[in-house]
Amino acid sequence: MSLWKMPDSIETADNVDAFLKGQITRLAMQAGVSLINLSSPKFDSVPSHESAMNGTENKIQHGLEAMEALQAIRYTMDQTYGISPQILIKYYIKQERTWKIRQELFIDHDSFPKLKQKALCEFADCWVRTLDKFEWEKEDRIDLHVFPSSTENILKSN
């Protein structure tokens, strides 16, 4: 990847949208938390016999890792700029309807798609820094940017 190559904003926004829609609900279920009301994992049905200890420990560890991933996603949303954190949190975590978000944030109908796309691209930019902050292993790191395959997107001087 060239330093001057710009990511495709539409493709990047679509990629982040798919990432957030796919991961947030899945991670919340693995962590045993509600998206709206994050609470501690529930251990009601933990087996008490010794042969299940490794399985129970693995489930707890996996749940804690899922919780950390959710925290990383929320942290990244908070690192975006302007109105973007509010859009991302309301849309992906609180799962509010688009019309309600537009009404609460005083965004007109035509501006919302552009502001959402901008917020998603900012999330992709901030995600790179989040990976460093959370010190995730190389195999757990993903770049959410989508770069065009040709050199047509190289920064041009005007």
Side-chain angles (χ1 to χ4, degrees), residues 1-41 57-98 100-102 104-108 110-158:
M1 173 179 80
S2 168
L3 174 65
W4 304 112
K5 199 169 192 179
M6 299 294 289
D8 182 300
S9 61
I10 295 171
E11 292 293 322
T12 296
D14 289 345
N15 193 39
V16 173
D17 179 64
F19 171 78
L20 292 174
K21 285 180 178 175
Q23 295 298 325
I24 288 178
T25 303
R26 183 184 71 82
L27 290 168
M29 287 180 5
Q30 288 177 355
V33 297
S34 168
L35 291 177
I36 304 299
N37 182 15
L38 292 177
S39 59
S40 299
E57 288 174 8
N58 288 340
K59 285 181 183 179
I60 291 171
Q61 179 64 32
H62 197 63
L64 292 173
E65 289 170 356
M67 179 61 83
E68 180 184 45
L70 281 172
Q71 290 171 342
I73 289 171
R74 175 60 192 258
Y75 173 83
T76 305
M77 289 177 176
D78 288 336
Q79 298 307 304
T80 59
Y81 314 102
I83 198 168
S84 295
Q86 294 174 35
I87 292 172
L88 294 170
I89 291 165
K90 287 177 179 293
Y91 191 84
Y92 293 99
I93 293 179
K94 295 183 178 179
Q95 298 180 343
E96 292 181 8
R97 300 260 190 207
T98 302
K100 184 177 180 189
I101 298 169
R102 287 193 339 254
E104 289 177 1
L105 300 178
F106 303 106
I107 300 171
D108 68 56
D110 295 332
S111 297
F112 184 79
K114 295 172 192 166
L115 290 171
K116 183 180 167 204
Q117 179 181 336
K118 178 180 169 286
L120 291 167
C121 289
E122 288 174 8
F123 183 94
D125 294 340
C126 294
W127 183 248
V128 175
R129 292 191 305 269
T130 298
L131 296 175
D132 292 335
K133 179 168 180 61
F134 280 74
E135 298 176 348
W136 283 349
E137 300 293 326
K138 188 173 184 174
E139 64 268 7
D140 292 330
R141 293 173 177 249
I142 57 170
D143 187 359
L144 296 172
H145 293 102
V146 177
F147 292 92
S149 56
S150 68
T151 57
E152 66 190 40
N153 200 16
I154 294 180
L155 188 62
K156 297 177 184 175
S157 59
N158 291 330

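Values below: all heavy atoms of this structure, side chains included; hydrogens, waters and symmetry mates excluded. Predicted model, so just to flag it, every value in this text is computed and none were measured.
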Rounded distance [0.5 Å steps], CE in Met67 versus CG in Leu64: 8.0 Å
Salt bridge (Lys or Arg N to Asp or Glu O under 4.0 Å) assessment of Glu137 paired with Arg141: CA-CA 7 Å; Glu137 300 293 326; Arg141 293 173 177 249; over 6 Å; no
Give the C-alpha distance, both sets of side-chain angles, the deciding distance and a yes or no for side-chain contact (heavy atoms from CB on, under 4.5 Å) between Arg74 and Ile89. CA-CA 8 Å; Arg74 175 60 192 258; Ile89 291 165; 3.4 Å; yes
Does Glu135 have more than 12 heavy atoms from other residues, nucleotides or ligands lying within 6.0 Å of its CD? no
Closest approach of Ala31 and Leu70, non-hydrogen atoms and distance? CB-CD1, 4.4 Å
Taking all atoms of both residues into account, what is the closest heavy-atom pair of Glu122 and Ser84, and its distance? OE1-OG, 2.9 Å
When every non-hydrogen atom of Phe19 is compared with those of Ile142, the smallest separation belongs to CE1-CD1, 3.5 Å
For the atom pair CD1 (Ile107) and CD (Gln86), what is the distance rounded to the nearest 0.5 Å? 8.0 Å
In a check of side-chain contact (heavy atoms from CB on, under 4.5 Å) between Thr76 and each of Thr130, Leu20, Val16, Leu144, which one passes? Thr130
Between the CG atom in Asp78 and the CZ atom in Phe123, the distance rounded to the nearest 0.5 Å is 10.5 Å
Heavy atoms of Asp8 and Glu11 approach each other most closely as OD1-N, 2.8 Å
In terms of heavy-atom contacts, Pro148 and Met6 come closest through CD-O, 3.5 Å
When you measure from the centre of the six-membered ring of Tyr92, is the NZ or CZ of Lys21 closer than 6.0 Å and no more than 45° off the axis? no
Could you go step by step and tell me if Trp127 and Asp143 meet the side-chain contact (heavy atoms from CB on, under 4.5 Å) rule? CA-CA 8 Å; Trp127 183 248; Asp143 187 359; over 6 Å; no
Value for CD (Glu104) from NZ (Lys90), rounded to nearest 0.5 Å, stands at 4.0 Å
Parallel, tilted or perpendicular: which one describes the rings of Trp136 and Phe134, with boundaries at 30° and 60°? tilted
How long is the gap from SG on Cys126 to CD1 on Ile73, to the nearest 0.5 Å? 13.5 Å
Asn15 and Thr12 side chains, donor-acceptor separation under 3.5 Å: no
Arg102/Asp108 under side-chain contact (heavy atoms from CB on, under 4.5 Å): CA gap, chis, key distance, verdict: CA-CA 6 Å; Arg102 287 193 339 254; Asp108 68 56; over 6 Å; no
I would like to know whether Lys94 and Ile101 meet side-chain contact (heavy atoms from CB on, under 4.5 Å); could you show each step before the answer? CA-CA 10 Å; Lys94 295 183 178 179; Ile101 298 169; over 6 Å; no
So do Lys118 and Ile87 actually touch side chain to side chain, heavy atoms under 4.5 Å? no
Side chains of His145 and Asp125, donor plus acceptor under 3.5 Å: yes
To the closest 0.5 Å, what do you measure between CD1 (Ile24) and CE (Met29)? 13.5 Å
Is it the case that Arg26 and Gln23 place a side-chain donor and acceptor less than 3.5 Å from each other? yes
